[in-house]
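Position 1 is the first residue of the sequence, and the numbers go up from there. What you are looking at is a predicted structure, and each value in this text was computed from that prediction instead of being measured.
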Amino acid sequence: MNRAVAVARMQLTNKWIYLWIPLIILASSTLISLAIFAMIPDDASNVISGSGQAVMWYFFALGIQAMTLLFPFSQALSVSRRAFYIGTIGLFSLVALALAVLYWVLGLVEQATDGWGMNGAIFAIPWIAEGAWYTQILFYFAVTILLFLLGFWSSTIYKRWRTIGLTAALVGAGAVLLGIVALITWREAWASVGAWIVELTPLSLAGWLLATGALLALTSYATLRRAVP
């Protein structure tokens, strides 16, 4: 466990990458959205901006960097792969949780100020904000950590099998998705699929996202054990 904590501290050595840049992205994307809201006529209502997810997508890049930038260095220091994995996943789980709580707090501010005084929605997206506080936090956490794990997974694949392996994995994933679409079309089940999507709640969707993230985490660890620094 001490080794895992040391790995987390090593990840935070470059605070610009892991802390300040996400905050800059959050602040700048919010200010841009507010500027756009200000240019919309006053009689408009429920103006929704998707800029709040900008930081979440940055976590995909963080997943790649967490593996490619520090993994070779950690191996040179004789840090076990298990400690590297636990320290990295644990750190970014906490960071994703902190971001989720921040999104929820900003959503409360947004609702209290009537959409920043401009009927806008950046963080308190209606479908999500209708749920309980813990549902909103869990949903934001699930999306953020899934994107991080997706980047981390792709990096472990690259470290293990290089460009050919990563390309083959992405092509294989695309083939699986295509097969699912073909199966749904063949069974004429699009109406049922659509009904299932409509019935999804933020809580149930968060559960599916977390399940997908758990699968990526397990396969990442299995690949990391044989990855080349």
Side-chain angles (χ1 to χ4, degrees), residues 1-27 52-106 134 136-163 165-166 169-170 173 206-229:
M1 186 57 66
N2 290 335
R3 288 276 187 164
V5 173
V7 170
R9 290 175 177 173
M10 283 193 295
Q11 291 283 7
L12 291 174
T13 301
N14 191 338
K15 292 182 173 59
W16 271 102
I17 292 178
Y18 299 113
L19 292 177
W20 297 120
I21 290 180
L23 291 176
I24 291 173
I25 293 174
L26 179 63
Q53 62 181 286
V55 181
M56 296 180 179
W57 283 104
Y58 180 66
F59 265 70
F60 175 75
L62 285 181
I64 297 175
Q65 294 178 12
M67 179 67 186
T68 56
L69 294 183
L70 194 65
F71 178 64
F73 181 66
S74 70
Q75 297 305 286
L77 295 178
S78 299
V79 176
S80 69
R81 294 165 190 252
R82 182 172 179 270
F84 175 81
Y85 176 84
I86 294 175
T88 301
I89 298 298
L91 169 65
F92 284 98
S93 294
L94 292 176
V95 176
L97 180 60
L99 180 65
V101 172
L102 177 60
Y103 269 53
W104 172 65
V105 171
L106 290 174
Y134 56 85
Q136 298 177 50
I137 293 175
L138 183 63
F139 178 82
Y140 293 133
F141 170 78
V143 174
T144 304
I145 199 64
L146 175 63
L147 289 171
F148 170 80
L149 287 171
L150 187 60
F152 190 78
W153 171 84
S154 62
S155 290
T156 58
I157 296 294
Y158 176 79
K159 282 292 186 178
R160 177 65 180 89
W161 291 289
R162 300 301 176 181
T163 304
L166 180 58
L170 294 177
W208 283 105
L209 295 177
L210 289 174
T212 305
L215 178 61
L216 289 174
L218 290 174
T219 54
S220 294
Y221 180 66
T223 308
L224 178 64
R225 295 178 63 184
R226 294 183 177 276
V228 180

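T156 is not listed as a side-chain neighbour of Y221, based on a closest heavy-atom distance of 4.5 Å or more. Between L70 and T13 the shortest side-chain heavy-atom distance does not fall below 4.5 Å. A 4.5 Å side-chain heavy-atom check between N14 and Q65 finds every atom pair outside the cut-off. By the 4.5 Å heavy-atom criterion applied to side chains, V95 and L62 are not counted as neighbours. Looking at heavy atoms from C-beta onward, T212 lies out of side-chain contact with L150 at the 4.5 angstrom threshold. Proximity of L215 to L149: side-chain heavy atoms (C-beta onward) are nowhere separated by under 4.5 Å. No side-chain heavy atom of I145 sits less than 4.5 Å from a side-chain heavy atom of F152. Under the 4.5 Å side-chain criterion, counting only non-hydrogen atoms from C-beta, L147 is in contact with W57.
I25 contributes atom CD1, which lies 14.0 Å from atom CH2 of W20 (distance to the nearest 0.5 angstrom). One distance of note links CG of L138 with CG of L210; it measures 5.5 Å at 0.5 Å rounding. In this structure, CG in L146 is found 5.5 Å from CG in L209, a value given to the nearest 0.5 Å. Put simply, CG on L94 and CZ on F141 are 8.5 Å apart, with the number rounded to the nearest 0.5 Å. Here the straight-line distance linking atom CG of L166 with atom OH of Y158 works out to 8.5 Å at 0.5 Å rounding.
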Intermediate values then yes/no, side-chain contact (heavy atoms from CB on, under 4.5 Å), T223 and W161: CA-CA 9 Å; T223 308; W161 291 289; 3.8 Å; yes

Trace of the side-chain contact (heavy atoms from CB on, under 4.5 Å) decision for I17 with Y58: CA-CA 10 Å; I17 292 178; Y58 180 66; 3.8 Å; yes

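Of all heavy-atom pairs between S154 and I64, the closest is OG-CG1, 4.0 Å. Nearest heavy atoms, S155 versus T68: OG-CG2, 3.9 Å. Heavy-atom minimum distance, T144 versus M56: OG1-CG, 3.5 Å. Here the closest non-hydrogen pair linking P72 and K159 is CG-NZ, 3.8 Å.
Within 6.0 Å of the CZ atom in R225, the count of heavy atoms belonging to other residues, nucleotides or ligands does not exceed 12.
For W208, the ring-ring contact (aromatic ring centres under 6.0 Å, His included) partners are W196, not counting sequence neighbours.
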Donor-acceptor pairs under 3.5 Å, side chain of residues 81-92 to any protein atom, not counting sequence neighbours: which ones?
unit_1 : atom_1 : unit_2 : atom_2 : d
R81    : NH1    : L224   : O      : 2.8
R81    : NH1    : A227   : O      : 2.6
R81    : NH2    : A227   : O      : 3.1
Y85    : OH     : A217   : O      : 2.8
T88    : OG1    : Q11    : NE2    : 3.1
T88    : OG1    : F84    : O      : 2.8

